[in-house]
Amino acid sequence: MLPLAWYARETDVVARALLGCALVHGDRAGIIVETEAYLGPEDLASHARFGRTARNAVMFDAPGVSYVYLCYGVHEMFNIVARRKAEAGAVLVRAVAPLAGLPDDARVGRGPGKLTRALGLSRAQHGRTLDRDELFVAAHTRVRARDVVCSARVGVDYAGPWAARPLRFTIAGHPAVSGKRP
DNA sequence: GTTCCGATGCTT
DNA sequence: AGCATCGGAACG
């Protein structure tokens, strides 16, 4: 299990480091293959851009805590608070490959809304520290630097200059990465 | 194959 | 009003 201090680094560094790690919820688990870093209030794509609100408050608190919210009224999104000294920061987990307790089908964890459904994550897990048997992240597979692709984040075109920043991290060519097939 | 659109509810 | 999405319908 990764200790809470592991998340107390720059948000983009944590986003990259989460690739290949196992996200475990109860008896279900997936290997993280896609993440996005959302920086502090200056990041116009981040929920933190409006400052601290009722929804995003945990982003401003201690690292290693889950931030779960409902998107488009339909999908639960699972984030992990991660930052060093910035005012706020979180990593959106966008895709996992089945590891345990899931159908052996890359599609079930492909996309941020799909993975939360597959792993049974919802706002019930919001604000939980990731240091309990029930919900945690563990080191699993080492991912080589040349197997990591950085690109622009998905669905943030409104964010002006921040939309193009390479803050999305994927394992190159992995079948569970969201989006179109290459 | 691509593009378009409705569902659905919470946030500012 | 708009959104850190998804799946199905419509179209070529």
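None of the values given here were measured: they were computed from a predicted structure. Protein chains get the first letters and strands the later ones, always in sequence-line order, with residue 1 at the start of each.
Annotation: side-chain contact (heavy atoms from CB on, under 4.5 Å) contacts of A:Thr116 (sequence neighbours excluded): A:Glu76, A:Phe78, A:Leu121. Residues satisfying the salt bridge (Lys or Arg N to Asp or Glu O under 4.0 Å) test with A:Arg9, not counting sequence neighbours, are none. Under the side-chain contact (heavy atoms from CB on, under 4.5 Å) criterion, A:Ala100 pairs with A:Ala29, not counting sequence neighbours. For the side-chain contact (heavy atoms from CB on, under 4.5 Å) test, residues two or more places apart in sequence or in another chain that qualify with A:Asp61 are A:Arg52. With sequence neighbours left out, A:Tyr72 forms a side-chain contact (heavy atoms from CB on, under 4.5 Å) with no residue at all.
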Give each protein N/O atom lying under 3.5 Å from an N/O atom of nucleotides 5-7 of chain C, with the pair distance.
from, atom 1, to, atom 2, distance (Å)
C:dT5, O2, A:His75, NE2, 2.7
C:dC6, OP1, A:Pro112, N, 3.3
C:dC6, OP1, A:Gly113, N, 3.1
C:dC6, O4', A:His75, NE2, 3.0
C:dG7, OP2, A:Lys114, NZ, 3.3

Interface polar pairs with nucleotides 10-12 of chain B, N/O, under 3.5 angstrom:
from, atom 1, to, atom 2, distance (Å)
B:dT12, OP1, A:Thr53, OG1, 2.7

Pair pattern of DNA chain C in dot-bracket, where unpaired bases get dots and | marks partners in another strand, Watson-Crick or G-U under 3.5 angstrom: |||.|||||||.
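A:Ser46 and A:Leu39 make their closest contact through OG-O, 3.2 Å (heavy atoms, listed as atom of the first residue, atom of the second, distance).
Salt-bridge annotation for A:Arg168 and A:Glu34: present, with a side-chain N of the basic residue lying under 4.0 Å from a carboxylate O of the acidic one.
Residues from residues 8-21 of chain A that place a heavy atom under 4.0 Å from any atom of DNA chain C: there are none.
Taking 4.0 angstrom as the limit, A:Tyr69 places none of its side-chain polar atoms (N or O) nearer than this to OP1 or OP2 of C:dC3.
The side-chain heavy atoms of A:Trp162 and A:Arg153, taken from C-beta on, include a pair separated by under 4.5 Å.
The distance from atom CG of A:Leu121 to atom P of C:dA4 is 20 Å, rounded to the nearest whole Å. The separation between A:Arg49 atom CZ and C:dG2 atom P is 13 Å, rounded to whole Å.
Side-chain atoms of A:Asn56 come within 3.5 Å of backbone atoms of A:Gly51 as a donor-acceptor pair (strictly under, hydrogens ignored).
Sequence neighbours left out, the pairs with a member in residues 137-148 of chain A that pass salt bridge (charged side-chain N to carboxylate O under 4.0 Å, His left out) are A:Arg144-A:Asp147. Pairs engaging residues 83-136 of chain A under the ring pair (Phe, Tyr, Trp, His ring centres under 6.0 Å) rule: A:Tyr67-A:His126 [sequence neighbours left out].
Counting only N and O atoms by type, the side chains of A:Ser66 and A:Arg128 include no donor and acceptor under 3.5 Å apart.
Grouping Ile, Leu, Val, Met, Phe, Trp and Tyr residues whose side-chain heavy atoms lie under 4.5 Å apart, directly or via other members, places A:Ile31 in a hydrophobic cluster with A:Leu99.
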